[in-house]
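Here the structure is laid out as structure tokens; the discussion comes afterwards.
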Amino acid sequence: MSVRYDDFDKLEVLTRITGSLVNKTPLRVGVGREPPLGSAVDLALLRIWFADGRAKPYIPGNSLKGVLRSLAESIARIQGLSVHDPWDFKVAESEAESKNYCVICGTFGSTKLASHVRVYDAYPEGEAPTFVKTGVGINRDFRGAQPGVLYTEEQVVPGVRWGFKMDVINIRVFPEPLDERGRLLRQVIDMLVKGMVQVGARRTIGYGLVELKDGRYEVYEVKGGAFVKTSEGNLT
Ligand SMILES: [Zn+2]
């Protein structure tokens with residue numbers, strides 16, 4: 001039996017996954033190479049203003065989703081499935097024409113198919129202290145350290161808790177996955193719980209390692225015309 005992936009005409013099952021992401025190593029989700037106006041550091045953190053008039057660092061949902069997608073891609077590759085570039089418009093178009101979507105697009109979407117996964121921005125649950133690290137600039141022409149060229153970059157200290165929330169639409173992940181997309185998502189969530197996922201910059205030196213703490217799932221389904229919670233549990 002083939003599973004339809006373009007099933008957004010009706011909502012059958014919604015799984016909400018929540019918890020706290022804790023960064024075990026310094027974390028920086030930056031604003032690119034361009035420092036914001038008036039910024040004292042070259043590579044500043046992305047911040048969002050809160051109602052109390054303070055700006056705090058945050059991890060945008062789309063960067064978290066991007067991390068989960070590439071994780072799912074590497075798991076799929078290990079399983080021998082063919083994986084294509086998310087920005088390969090030709091593949092996205094031919095998948096849409098044949099209505100035969102790959103597992104990754106069937107989960108995370110493509111330019112032609114909406115995503116079954118929604119990841120919300122992760123805001124600090126308390127304070128998110130930062131520090132500024134000075135680095136030696138790399139000369140791009142000679143691929144080596146260029147003496148005297150310094151830059152500064154802002155990082156969030158380890159041990160900060162970030163509120164995590166993710167919705168999965170029309171894919172059964174809990175209590176038991178129903179198709180290969182569900183099984184793939186279970187593996188991705190499992191890696192988050194085990195603290196094997198990195199977000200943000202400087203991943204090659206181990207930065208941005210996060211662990212999902214106090215993870216929970218709730219499954220909602222339409223029953224008799226109403227949306228009801230059909231199962232819930234802890235992520236272990
Ligand atoms: Zn695809």
Side-chain angles (χ1 to χ4, degrees), residues 1-19 21 29 46 48 58-77 79 81-123 162-192 197 199-200 212 215-223 225-232 235:
M1 189 194 84
S2 80
V3 184
R4 271 186 63 210
Y5 290 167
D6 54 342
D7 54 357
F8 293 102
D9 47 336
K10 63 178 180 185
L11 178 62
E12 283 172 350
V13 52
L14 173 90
T15 305
R16 173 157 286 180
I17 295 147
T18 54
L21 284 179
V29 178
L46 205 54
I48 191 163
Y58 77 108
I59 313 171
N62 56 11
S63 35
L64 284 171
K65 193 184 151 205
V67 164
L68 300 185
R69 183 186 184 120
S70 42
L71 207 59
E73 285 174 356
S74 36
I75 296 168
R77 267 191 215 102
Q79 294 171 346
L81 298 167
S82 83
V83 172
H84 62 86
D85 190 280
W87 300 109
D88 192 328
F89 300 111
K90 272 200 178 133
V91 178
E93 226 151 273
S94 74
E95 284 186 5
E97 264 169 41
S98 61
K99 292 209 176 281
N100 187 14
Y101 299 96
C102 72
V103 180
I104 301 295
C105 293
T107 308
F108 295 94
S110 72
T111 50
K112 290 285 174 185
L113 182 72
S115 177
H116 288 75
V117 172
R118 183 161 59 207
V119 185
Y120 295 80
D121 290 348
Y123 304 126
W162 311 79
F164 178 78
K165 185 160 80 178
M166 165 179 168
D167 290 338
V168 183
I169 300 123
N170 289 353
I171 300 177
R172 273 172 206 280
V173 190
F174 297 102
E176 290 307 324
L178 202 71
D179 66 5
E180 50 186 339
R181 297 172 306 163
R183 283 188 287 274
L184 202 56
L185 281 172
R186 271 294 275 275
Q187 283 176 279
V188 166
I189 293 161
D190 202 42
M191 286 178 80
L192 267 180
V197 180
V199 296
L212 183 62
R216 282 191 61 73
Y217 71 84
E218 289 178 348
V219 182
Y220 296 89
E221 286 173 79
V222 179
K223 288 250 158 103
F227 213 43
V228 291
K229 195 194 283 180
T230 51
S231 70
E232 61 184 312
L235 303 179

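Start at 1 with the first residue, then count along the sequence.
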query = How close do Asp121 and Gly61 get, heavy atom to heavy atom, and via which atoms?
reply = OD1-N, 2.7 Å
message = Between Ile189 and Phe174, is there a side-chain heavy-atom distance shorter than 4.5 Å?
response = yes
key: Residues forming a side-chain contact (heavy atoms from CB on, under 4.5 Å) with Ala96, sequence neighbours excluded   = Tyr101, Lys112
request  = Look up atom CG in Leu14 and atom OG1 in Thr230, then write down how far apart they are to the nearest 0.5 Å.
outcome  = 10.0 Å
task = Please check if the side chain of His116 supplies one atom and the backbone of Asn170 the other of a donor-acceptor pair under 3.5 Å.
result = no
inquiry  = Working to the nearest 0.5 angstrom, can you tell me the gap between Asp88 CG and Ser94 OG?
reply    = 8.5 Å
request  = Give the intermediate values and the outcome of side chain to side chain contact (heavy atoms under 4.5 Å, CB included) for residues Leu21 and Val199.
outcome  = CA-CA 11 Å; Leu21 284 179; Val199 296; 5.9 Å; no
query = If you look at every heavy atom in Ala72 and Phe108, which pair is closest and at what distance?
reply = CB-CE1, 3.5 Å
task = Flag the pair Ile48 / Tyr123 as yes when at least one side-chain heavy-atom distance between them is below 4.5 Å, and no otherwise.
result = yes
query = Does the side chain of Leu11 come within less than 4.5 Å of Tyr220's, by heavy atoms?
reply = no
ask   = Do the side chains of Leu71 and Leu192 get nearer than 4.5 Å, heavy atoms only?
value = no
inquiry  = Check this for me: does any side-chain nitrogen of one of Arg69 and Glu73 sit under 4.0 Å from a carboxylate oxygen of the other?
reply    = yes
ask   = Would a 4.5 Å heavy-atom cut-off, applied to side chains only, mark Gln79 and Leu184 as touching?
value = yes
request  = Check salt bridge (Lys or Arg N to Asp or Glu O under 4.0 Å) between Arg16 and all other residues, then give those that pass, not counting sequence neighbours.
outcome  = Asp167
task = Would you confirm whether Arg181, through its side chain, and Gly106, through its main-chain N or O, come within 3.5 Å as a donor-acceptor pair?
result = yes
task = Kindly indicate whether the side chain of Asp7, heavy atoms from C-beta on, has any atom under 4.5 Å from the side chain of Glu12.
result = no
ask   = Which atoms form the tightest heavy-atom contact between Leu113 and Cys105, and what is the distance?
value = CD2-O, 3.4 Å
remark   = Tightest non-hydrogen contact, residues Gly182 and Pro177, listed as C-CB, 3.4 Å
task = Working to the nearest 0.5 Å, report the span between CD of Glu221 and OG of Ser231.
result = 7.0 Å
inquiry  = For Leu185, run the side chain to side chain contact (heavy atoms under 4.5 Å, CB included) check against Asp190, Thr15, Val117, Ile17 and tell me which one passes.
reply    = Val117
inquiry  = Could you report the tightest heavy-atom contact between Ile104 and Ala76, atom names first, then the distance?
reply    = CD1-CB, 4.2 Å
query = Is any side-chain heavy atom of Val197 less than 4.5 Å from a side-chain heavy atom of Leu212?
reply = no
request  = Check side-chain contact (heavy atoms from CB on, under 4.5 Å) between Glu180 and all other residues, then give those that pass, not counting sequence neighbours.
outcome  = Tyr5, Leu81, Val103, Arg183
request  = Search all heavy atoms of Phe89 against all heavy atoms of Thr111 and return the closest pair with its distance.
outcome  = CE2-CG2, 3.2 Å
ask   = What do the steps show when you test Ile75 against Met191 for side chain to side chain contact (heavy atoms under 4.5 Å, CB included), and what is the final call?
value = CA-CA 11 Å; Ile75 296 168; Met191 286 178 80; 4.1 Å; yes
remark   = CG (Leu235) and CZ (Arg216) are apart, to the nearest 0.5 Å, by 8.5 Å
message = Measuring from atom CZ of Arg186 to atom CD of Glu176, what distance do you get when rounded to the nearest 0.5 angstrom?
response = 5.5 Å
key: Sub-4.5 Å side-chain heavy-atom contact between Lys90 and His84   = no
task = State the CD-OG1 distance between Glu232 and Thr18, to the nearest 0.5 angstrom.
result = 10.0 Å
